Amino acid sequence: MCAFPTETVYGLGADAANSDAVLKIYAAKSRPRFNPLIVHCADLAMAEELVEMPRLAKELAQFWPGPLSIVLPIKADSGISDIVTAGLNTLAVRIPAHPTARELIAKVGKPLAAPSANPSGKLSATTADQVRKGFDGMVPVLDGGPCEAGLESTIIAVDGDKLVQLRAGALPREEIEKALGLRVALAGTEDAITAPGMLKSHYAPSAGLRLNAVAPQPKEAYLAFGPAPKYDGPTENLSVTSDLTEAARNLFSMLHKLDATDAKTIAVAPIPETRLGEAINDRLRRAAAPRN
Ligand code: TXA
Ligand code: MG
């Protein structure tokens, strides 16, 4: 088991065929066993050994390598441990773009199961240092610098001739819709399929979060977006120029920083719900939700 960088967030990886190794991931994260893992492949050939890839899945694969996970029917002879799928008959696969991740998978020569490299329910890690701190130095980390996207992959299930977004992520839904010329449905509202790990409270810092805060109140830490009021307390700005790509990249790192201050509440400025804003707001709402 080792942590490695991807273009989205750091992952905590192990041989997806080795149940003992995979169990170590669940133990390290205190992750509930009902929550399946994403399997990372070096290339399309490796992915096709694991899952059925109908035409629509192949079209989606134009975004690989990249920040997209596709949920597909798992093949009977995939060799993937049942613990990875949590007993589901589908598997989430992705081909990451980060050179270190690709080198690692190619070197091991096997698909790697890897959830985000953070204790279950906590903030994801976008630097090697955050991984080390999250696991009190108990997990070996390949340091590949800060993650480019800063948000987890978008998860799409292929359901016959329908695409269902199970998790908003670093690949905006609009881009998929534009490239494939069809609508992507939203899980929960329009479809019965869901990702078992999409819990109401997740990505949670120790501090509480107050969303859509136009200005901070005394003693709060402030996570601004765009032009911000002057404030003496701890402040970070996701993007001074209101750039959503920059904001996504900064989100977890800045939450880690503000969480390390004495503030009990982090006030977060309003963020538009378009493009990457959909995933940013998804993470913020879960981070702000009452804790389990
Ligand atoms: O960007 C990412 O996706 C990162 C990097 C490391 O690749 N990984 C990541 O993994 O975010 P994790 O475990 O934190 O989130 C995986 C999500 C969970 O919500 C899980 O329930 C869902 O994917 N998932 C995994 N397999 C699934 C399946 N077969 N069907 C539905 N949801 C699935
Ligand atoms: Mg995670």
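All values reported here derive from a predicted model rather than from experimental measurement. Each residue takes its place number in the sequence, starting with 1. As the structure lists them, so they are numbered: ligands from 1, and atoms in each ligand from 1.
- Side-chain contact, Ser78 with Glu49: no donor N or O sits under 3.5 Å from an acceptor N or O.
- Scanning Leu166, Thr8, Asn89, Leu112 for the heavy atom closest to atom 1 (O) of ligand 1 points to Thr8.
- Considering backbone and side-chain atoms together, His40 places an N or O closer than 3.5 Å to an N or O of ligand 1.
- If you check which protein heavy atom lies closest to atom 9 (C) of ligand 1, you get Ser116 N, 3.6 Å.
- At the shortest separation from atom 17 (C) of ligand 1 among protein heavy atoms lies Ile155 CD1, 3.5 Å.
- Seen from the ring of Tyr203, Arg283 counts as a face-on cation partner, given the 6.0 Å and 45° thresholds.
- Atom 24 (N) of ligand 1 has Pro36 CG, 3.8 Å as its closest protein atom, hydrogens excluded (heavy atom only).
- Checked by atom type, the side-chain pair Thr126/Ser253 shows a donor-acceptor distance below 3.5 Å.
- Applying the 4.0 Å criterion to heavy atoms of Ala195 picks out, from ligand 1, the atoms 19 (O), 21 (O), 22 (C), 31 (C), 32 (N).
- Proximity to Leu88 (heavy-atom distance under 4.0 Å) selects the following atoms of ligand 1: 28 (C), 29 (N), 30 (N).
- Between the choices Ile38, Val71, Val93, the shortest heavy-atom distance to atom 30 (N) of ligand 1 belongs to Val71.
- Shown in contact with Ala92 at under 4.0 Å from a heavy atom are these atoms of ligand 1, numbered in order with element: 25 (C), 26 (N), 27 (C), 29 (N).
- Protein heavy atom in closest approach to atom 20 (C) of ligand 1: Asn35 OD1, 3.1 Å.
- Below 3.5 Å of separation, one finds an N or O of Thr90 facing an N or O of ligand 1.
- Set against the non-hydrogen atoms of Gly11, the atoms of ligand 1 under 4.0 Å away are 6 (C).
- Of all the listed residues (Arg167, His98, Arg31, Arg94), Arg31 holds the heavy atom that lies closest to atom 13 (O) of ligand 1.
- Of all heavy-atom pairs spanning Arg210 and Ala215, the tightest one is NH2-O, 3.1 Å.
- Side-chain atoms of Ser153 and Ser69 include a donor-acceptor pair closer than 3.5 Å.
- Summarising the geometry, atom OH belonging to Tyr26 is positioned 10.0 Å from atom OG belonging to Ser120; distances are rounded to the nearest 0.5 Å.
- The closest side-chain donor-acceptor pair between Ser239 and Arg249, if any, does not fall under 3.5 angstrom.
- Counting heavy atoms from C-beta outward, Pro111 and Met46 have side chains that approach closer than 4.5 Å.
- For the pairing with Glu246, the side chain to side chain contact (heavy atoms under 4.5 Å, CB included) check across Leu251, Thr241, Leu276, Leu238 returns one residue only, Thr241.
- Side-chain contact between Pro115 and Ile25 is present, with at least one heavy-atom pair separated by less than 4.5 Å.
- Nearest protein heavy-atom neighbour of atom 3 (O) of ligand 1: Ser153 OG, 2.6 Å.
- Of the protein's non-hydrogen atoms, Val9 CG2, 3.8 Å is the one closest to atom 4 (C) of ligand 1.
- Counting non-hydrogen atoms of neighbouring residues, nucleotides and ligands closer than 6.0 angstrom, the NZ atom of Lys29 exceeds 12 such neighbours.
- Residue Thr194 approaches ligand 1 through these ligand atoms, each under 4.0 Å from one of its heavy atoms: 31 (C).
- Residues Glu177 and Gln165 have side chains that never bring a donor and an acceptor to within less than 3.5 angstrom of each other.
- For the Mg ion (ligand 2), the set of nearby N, O or S atoms under 2.8 Å includes none belonging to Ser120.
- Annotation: atom 19 (O) of ligand 1 to nearest protein heavy atom, Gly197 CA, 3.4 Å.
- When non-hydrogen atoms are compared, ligand 1 lies under 4.0 Å from neither the backbone nor the side chain of Glu7.
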